[in-house]
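Just so it is clear, the structure is predicted and the values come from calculations on it, not from any experiment. As the structure lists them, so they are numbered: ligands from 1, and atoms in each ligand from 1.
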Amino acid sequence: MGLDLILRDGQVTLGDACVRADVGVEGEKIAVVARPGSLPGGTQTLDLDGRFVVPGGVDPHVHAATTLGEFTTRDDFEACTRAAAWGGTTTIVDFAIPQPRDGARPLATARERMAAARREAVIDVAFHACLVKGDSASLAEVPQLAREGLTTVKVFTIYRDLVMLGLDEVHACMHEVAAAGGLVLVHAESPHIVEPLRARFAAEGRTDARHHALSRPVEAEVDMVRSVLELFRLTGCPGYFVHVTVPEAVTAIVHARLEGAAVWAETCPQYVFLDDSCYAAEDGELYICSPPIRPRAVADRLWEMVRQGAVQVWGSDHCCYDTAQKFRHRGDFTRAPNGLPGVELRAPLLFSEGVMTGLMSVPRFAALTATNPAKLNGLFPRKGVIAPGADADLAVYDPGWEVTVTAPRLHMATDYTPFEGRRLRGWPRMVFSRGRLLVDGERFDGTAGTGQVLAAGPPIPL
Ligand code: URP
Ligand code: ZN
Ligand code: ZN
């Protein structure tokens, strides 16, 4: 065994356990996990002194360089993947969203996005395909998308005239994706609840940020999750709901799974660690995202469900707009860009609020931030696990490192953070991407184009 690197004496996450061990790396791969001190000398060795070693994060919900309507997110794949790495994430899964106005098709869009990521990315990138029309030509591309490594397909049940599918089209999509051995991701909000509320608030001139949240009530999410669950049951297609915010929606998903459906739930830090008081603030537009951030009591119950394992995936829904974009139509939520920057803080927030408070074990943290997203998105066992043969994507968390979050301290291509001023305990001190040390304390050593574009395989049920 010709090891290139030994990470000595970390608390290493191995499946459900966290044990003191050495990790030996050969080239880009993990070669061995062994008792501390048992690996041969003469190799470059980094002493971890009991710091936590977890699989490099897999963020399954990222929108770099993405246009939705009037706005394009500020980051390219280089900026986005750098920021991700600073926050302990070593793989992102982005989206190939066709621009319906240009008549773009899913496959051509996917190939363009993959080419851009290949040129620009610093860490590895995979893609979800997106169906934004239910026409037969788009549906017919699903098998080829899967052959080219896009086995997961995202659909939106909202954002009419941009990317929305009707439920009949979602049904057809599930049929095709199931046949291709893939998985469907769903943004679930009911247009028949949201659109009339938006229209009424707009007609009454009530377009401040608070009315963004009021126009997208919890009922809109629960209603659509329930309808889409019936389609998952009917078609047998596996899938998960992205950015779930409501405990009742999580409960419906758990029950459907108990009854045999292959369905899971993702949530994001903003839905747990923020609450809707942000919309009453002077800068409320900065927090506009869909679904909206919920009242504290809802967020608290969601957090409990995350800790208890009812939510399986921790994504960021990173949408990197800046203040100028968020304020371009200040006072009119109906014209604001939806989404928050978050790829860099996704994992550190959960580590601080979950692991460092003693509310969450390190293996649960690893499952939410890396293993489960890797499995559901067809990247496991290359990603999301510390085991011989896996890519040497590793994050070393230092429980002694405390960071106060401020926008200038972060690396995302924006000038604000929804988590300004928050004190985080524990931070990824070292981050390795396929054996390369990208982040070493305050130093970064990574260049555009060193990330690979990954071809996802079949999703693995949890
Ligand atoms: O507000 C959000 N979440 N914007 C990003 C697009 C999406 O819905 O995921
Ligand atoms: Zn969404
Ligand atoms: Zn999203």
Trainee: So Phe273 and Trp303, would you call those rings parallel, tilted or perpendicular, with 30° and 60° as cut-offs?
Mentor: perpendicular
Trainee: Which protein heavy atom lies closest to atom 1 (O) of ligand 1, and at what distance to 0.1 Å?
Mentor: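 That would be Ser290 N, 2.7 Å.
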Trainee: Using the salt bridge (Lys or Arg N to Asp or Glu O under 4.0 Å) rule, collect all pairs that involve residues 451-462, keeping only residues at least two apart or in two chains.
Mentor: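 Every candidate salt bridge (Lys or Arg N to Asp or Glu O under 4.0 Å) pair involving residues 451-462 fails, so no pair, neighbours aside, qualifies.
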Trainee: Can you check whether Gly339 has an N/O within less than 3.5 Å of an N/O in ligand 1?
Mentor: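 Between Gly339 and ligand 1 (N or O atoms, distance only) the closest approach is under 3.5 Å.
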Trainee: For Ala262, check side-chain contact (heavy atoms from CB on, under 4.5 Å) against everything at least two apart and list the hits.
Mentor: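 Partners of Ala262 by the side-chain contact (heavy atoms from CB on, under 4.5 Å) criterion, ordered by chain and then number, come out as Pro238, Trp264.
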Trainee: Count the heavy atoms belonging to other residues, nucleotides or ligands that lie under 6.0 Å from CG of Asp168, then report whether that count exceeds 12.
Mentor: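 Correct, the count exceeds 12.
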Trainee: Going by the atom numbers of ligand 1, which of them fall below 4.0 Å from some non-hydrogen atom of Cys319?
Mentor: 4 (N), 5 (C)
Trainee: Considering only the protein, which heavy-atom contact is closest to atom 4 (N) of ligand 1, and what is its distance?
Mentor: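 Atom 4 (N) of ligand 1 sits closest to the protein heavy atom Asn338 O, 3.0 Å.
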Trainee: Run the side chain to side chain contact (heavy atoms under 4.5 Å, CB included) check on Arg423 and Ser352 step by step: do they pass?
Mentor: CA-CA 9 Å; Arg423 286 167 74 87; Ser352 179; over 6 Å; no
Trainee: Closer than 4.0 angstrom, basic N to acidic O: yes or no for Arg226 and Glu230?
Mentor: no
Trainee: Report, in ascending order of atom number, the atoms of ligand 1 lying under 4.0 Å from any heavy atom of Cys289.
Mentor: 1 (O)
Trainee: Show me the side-chain donor-acceptor pairs of residues 123-134 shorter than 3.5 Å, one per line, residues at least two apart or across chains.
Mentor:
from, atom 1, to, atom 2, distance (Å)
Asp124, OD1, Arg434, NE, 3.3
Asp124, OD1, Arg434, NH2, 2.8
Asp124, OD1, Gln452, N, 2.8
Asp124, OD2, Lys383, NZ, 2.7
Asp124, OD2, Arg434, NE, 2.9
His128, ND1, Thr152, OG1, 2.8
His128, NE2, Pro60, O, 2.8

Trainee: May I ask you to say whether Glu248 pairs ionically with Arg301, meaning some side-chain N is under 4.0 Å from a carboxylate O?
Mentor: yes
Trainee: What protein N/O/S atoms sit under 2.8 Å from the Zn ion (ligand 3), by chain and number?
Mentor: His61 NE2, His63 NE2, Asp317 OD1
Trainee: Less than 4.0 angstrom from a charged side-chain N to a carboxylate O is my criterion; do Arg307 and Glu353 meet it?
Mentor: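 Salt bridge flag = no for Glu353 with Arg307.
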Trainee: Among Phe156, Tyr159, Tyr321, which one has a heavy atom closest to atom 8 (O) of ligand 1?
Mentor: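 Shortest heavy-atom distance from atom 8 (O) of ligand 1: Tyr159.
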Trainee: Would you mind running through ligand 1 and noting each atom that sits below 4.0 Å from a heavy atom of Asp317?
Mentor: 2 (C), 3 (N), 5 (C), 9 (O)
